[in-house]
Number of protein chains: 2
Amino acid sequence: MRIDRDARHDDVPRKPGVVAVARAVGVSPSTVSNAFNRPERLSPALRERVLRTAAELGYGGPDPVARSLRSGRAGAIGVVFRRRLADAFDEPATVELLRGLSDITDLRQLALVLVPGLQQEHPSIGPAVRNAAVDGLIVYSMSADDPLFEAACQRRLPTVIVDSPTIADLAAVGGGPAGSGPDFVGIDDRAAAETAVRHLLGLGHRSLAILSFGLTAHSRPGAAPVRQQAQAIASVPKARLEGSARAVAAAGLDWSSVPVELVPITSAEGCLAGARALLDRASGITALFAFSDPLAQAARLVARERGLSVPGDLSIIGFDDTAPASEGLTSIHQPLRDKGRIAAERLLRALGQDPPPAGGELLPTRLVVRDSTAPPG
Amino acid sequence: MRIDRDARHDDVPRKPGVVAVARAVGVSPSTVSNAFNRPERLSPALRERVLRTAAELGYGGPDPVARSLRSGRAGAIGVVFRRRLADAFDEPATVELLRGLSDITDLRQLALVLVPGLQQEHPSIGPAVRNAAVDGLIVYSMSADDPLFEAACQRRLPTVIVDSPTIADLAAVGGGPAGSGPDFVGIDDRAAAETAVRHLLGLGHRSLAILSFGLTAHSRPGAAPVRQQAQAIASVPKARLEGSARAVAAAGLDWSSVPVELVPITSAEGCLAGARALLDRASGITALFAFSDPLAQAARLVARERGLSVPGDLSIIGFDDTAPASEGLTSIHQPLRDKGRIAAERLLRALGQDPPPAGGELLPTRLVVRDSTAPPG
DNA sequence: CTGAAAGCGCTTACAG
DNA sequence: CTGAAAGCGCTTACAG
């Protein structure tokens with residue numbers, strides 16, 4: 001055990017601490033601490049002497065962990081992801097959100113602690129969120145039934161949920177942290193999806209299909225009939241499916257005949273496989289609503305593979321508007337960077353004296369029509 | 001002071017700790033700790049009772065900071081950036097490096113602590129790297145004379161430098177951490193630049209110019225004559241300039257007549273302004289070597305602004321190969337994701353029993369010829 | 001299977 | 001301007 005080893009060989013200290021420096025200079029630990037943290041309390045000469053001796057001894061400065069334990073502040077905020085960090089960096093929408101978060105944390109030189117979700121391969125290690133030394137948490141788009149979400153809530157840290165679960169869905173499931181509860185920043189996914197489907201229907205399409213995310217934390221890829229849709233827990237796909245259904249019903253069509261395919265969004269291959277599966281079983285459709293731009297891009301690739309022209313044979317609309325405009329993908333735009341900024345601002349306010357108004361914040365979305373949607377050929 | 005407040009009102013504890021839970025259950029703190037960390041040491045019934053009481057009391061689980069102080073491990077590695085985090089996320093090359101790093105950290109569920117550099121606006125706060133609770137550091141592309149680099153070295157943590165400063169440049173400046181010194185992962189920037197310029201010269205160009213990064217930590221944008229180039233400290237532009245000069249000299253041309261423009265790479269506007277300045281004063285050139293793809297893309301934009309066709313009137317070669325292949329930019333490819341992976345692997349090995357061989361690792365690069373370079377028209 | 005004790009490295013109000 | 005003392009919340013070898 002390291003501690004005992006150090007104590008035994010007192011003459012061979014592994015790493016010098018504040019007391020070693022104090023001893024060498026001939027002052028008290030308080031003075032060493034002050035030399036680093038409150039320079040104005042020392043005479044310049046003494047401060048100089050302390051700093052020089054510290055450097056000679058190879059003292060790396062006050063240990064941030066000890067300082068943090070004493071002061072109660074970590075100087076960092078955590079961002080909790082559903083899955084691997086590598087997956088997060090692969091999603092343009094997530095990187096844009098991170099840009100927005102860092103726009104705000106940069107102003108205070110705060111570190112951003114990126115916390116990975118569970119790995120299917122190593123479920124035993126336990127969620128990393130339990131170990132993150134942070135002052136507050138951004139929880140990014142999780143299903144309310146995800147064990148990771150429970151673990152995040154358990155920290156009882158000031159928390160801002162981004163996108164999912166919504167406060168309403170949280171209440172329905174009965175989970176969530178105690179006390180004042182988490183804050184929320186997101187969009188009106190139901191209304192946005194309704195807009196997307198209305199756009200397709202307005203062009204004259206009568207036969208469409210949907211490429212969605214998983215409906216629960218442990219959702220399997222594949223077709224999701226209406227009865228399975230009713231079991232949805234994940235707020236984002238749940239709301240978008242509801243919005244889509246509403247638009248379809250309003251047009252006098254039968255929602256239960258609209259194919260919905262669930263796709264694991266963790267990999268480009270998953271997106272392609274999902275698009276292929278959907279186009280296999282719904283070969284008659286003329287329009288497709290994908291719940292993300294990468295999904296829409298995959299669908300367009302698969303359509304081309306099969307000799308379908310877009311939008312001639314198949315109209316495709318995406319979500320997030322993260323594809324380069326040059327690709328001409330019709331999509332629902334949402335202000336992802338602002339979402340990050342606002343989430344970080346609200347978290348920082350919750351950490352300070354100035355908590356933001358309860359109830360969370362919904363950001364505006366808008367339909368951006370480009371070249372991937374047109375009337376059926 | 002918070003501590004005293006808690007002590008005074010012992011009946012209104014702010015947050016329950018392991019002792020509060022222990023008291024409530026009627027066991028010792030050790031047992032509570034074991035309930036969370038070594039479940040096998042308790043009878044299932046007792047463990048259950050401890051966990052239930054903890055939940056009732058609103059205990060969030062063992063405090064990671066205290067645990068970290070005691071155990072000596074943070075369960076996270078830090079990535080130190082030269083500038084704002086938001087700038088880092090704006091650079092495709094940096095995001096790709098982060099993907100590589102997280103490919104490895106994900107395997108162990110390690111958090112990634114993103115540490116911002118100094119803000120010009122608030123130099124007073126002190127470098128955030130001093131406060132990062134991490135087990136090791138990835139230092140990403142810094143100039144050896146950057147105060148931030150010094151602060152990072154001061155932590156005396158196991159460290160892997162990515163790209164800059166190189167071990168050789170470090171030794172020349174006389175800085176760097178004591179002890180075994182930092183590890184290094186990068187590329188042979190000199191050779192890669194030589195290849196790029198040879199490609200241009202091989203096409204028949206005789207009049208070229210260079211769009212470079214800043215040569216020191218506090219480099220100003222603008223023209224950099226040869227005598228200023230000699231003062232370069234930042235390893236990457238220094239080596240690339242040397243490689244370029246070597247290729248130019250080998251072709252029997254005069255390096256001192258090759259315009260070199262320094263560009264602040266922190267913003268898209270900076271890139272455009274740099275490209276404009278260079279094209280203003282070097283209007284006769286037929287070829288341009290930009291030290292990054294975003295810089296090359298900016299140069300192409302500016303060329304078009306001025307009615308120059310690429311590659312007809314102006315050949316442009318970039319670096320990193322981060323632009324979409326569809327844009328047809330000739331570039332030097334480097335394996336950025338592998339670079340991240342290898343850096344993380346080496347750091348993890350240094351943290352364990354299996355330190356990597358000294359001397360660092362140089363990754364291969366290759367010239368990718370596309371449509372932005374051609375013989376002079 | 002459980003508990004008492006020490007200590008991780010620091011900071012801070014307080015006394016001098 | 002400087003020091004002695006307490007304590008942040010936890011874990012761990014050791015004893016029982």
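Per chain, numbering begins at 1; letters A, B, ... match sequence-line order. Because only heavy atoms are used, hydrogens play no part in the values below, and waters and symmetry mates are left out as well, while side chains stay in.
Of the possible donor and acceptor atoms, one in the side chain of A:Asp106 sits under 3.5 Å from a partner among the backbone N and O of B:Leu85. Without hydrogens or angle criteria, B:Arg155 side chain to B:Ala132 main chain gives a donor-acceptor distance under 3.5 Å. A donor-acceptor distance shorter than 3.5 angstrom exists from the side chain of B:Asp135 to the backbone of B:Ala74, with no hydrogens or angles considered. Listed for the B:Ser102 side chain is a donor-acceptor partner under 3.5 Å among the backbone atoms of B:Leu98.
Listed in residue order, the members of residues 36-50 of chain A having a heavy atom less than 4.0 Å from DNA chain C are A:Asn37, A:Arg38. Residues from residues 58-69 of chain B that place a heavy atom under 4.0 Å from any atom of DNA chain C, listed by number: B:Leu69.
D:dC10 atom C1' lies 15 Å from atom CZ of B:Arg73, rounded to whole Å. Going from atom NZ of A:Lys15 over to atom C1' of C:dG9 covers 12 Å, rounded to whole Å. Atom-to-atom, CG of B:Leu157 to P of C:dG9 comes out at 14 Å; the value is rounded to the nearest Å. Put simply, CZ on A:Arg130 is 16 Å from C1' on D:dC10, counting in whole angstrom units.
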Can you check nucleotides 4-6 of chain C for protein contacts, nitrogen or oxygen pairs under 3.5 Å, and list what you find?
| from | atom 1 | to | atom 2 | distance (Å) |
| --- | --- | --- | --- | --- |
| C:dA4 | N6 | B:Ser30 | OG | 2.8 |

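A gap of 24 Å separates the P atoms of C:dC14 and C:dC10, to the nearest Å. Rounded to whole Å, the C1' atom of D:dG16 lies 16 Å from the corresponding atom of D:dT12.
In the model, B:Asp169 has a side-chain atom that pairs as donor or acceptor with a side-chain atom of B:Thr166 under 3.5 Å.
To the nearest 0.5 Å, the span separating CG on A:Leu148 from CE on A:Met142 amounts to 4.5 Å. Note: B:Arg156 CZ to A:Lys15 NZ = 9.0 Å, rounded to the nearest 0.5 Å. Between the CD1 atom in A:Ile161 and the CG atom in A:Asp183 there is a gap of 8.5 Å [rounded to 0.5 Å]. Annotation: the span from B:Arg84 atom CZ to A:Asp103 atom CG amounts to 7.0 Å, rounded to 0.5 Å.
Residue B:Val27 is classed as a sugar-phosphate contact, given heavy-atom separations below 4.0 Å to backbone atoms only.
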Ignoring hydrogens and angles, write down the donor-acceptor pairs under 3.5 Å from the side chains of residues 40-52 of chain A, residues two or more places apart or on other chains.
| from | atom 1 | to | atom 2 | distance (Å) |
| --- | --- | --- | --- | --- |
| A:Ser43 | OG | A:Leu46 | N | 3.3 |
| A:Arg47 | NH1 | A:Ala35 | O | 2.8 |
| A:Arg49 | NH1 | A:Val25 | O | 3.4 |

List the atom pairs, with distances to 0.1 Å, where a side-chain N or O of residues 348-358 of chain B and a protein N or O form a donor-acceptor pair under 3.5 Å, not counting sequence neighbours.
| from | atom 1 | to | atom 2 | distance (Å) |
| --- | --- | --- | --- | --- |
| B:Arg349 | NE | B:Asp354 | O | 3.0 |
| B:Arg349 | NE | B:Asp354 | OD2 | 3.2 |

_Dot-bracket pairing map - DNA chain C, Watson-Crick plus G-U, both contacts under 3.5 Å, | cross-strand_ = |||.||||||||.|||
_For B:Thr94 and B:Phe81: C-alpha separation, side-chain torsions, deciding distance, then whether side-chain contact (heavy atoms from CB on, under 4.5 Å) applies._
CA-CA 10 Å; B:Thr94 305; B:Phe81 294 94; 3.5 Å; yes
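Atom CD of B:Glu150 has 12 or fewer neighbouring heavy atoms from other residues, nucleotides or ligands inside a 6.0 Å radius.
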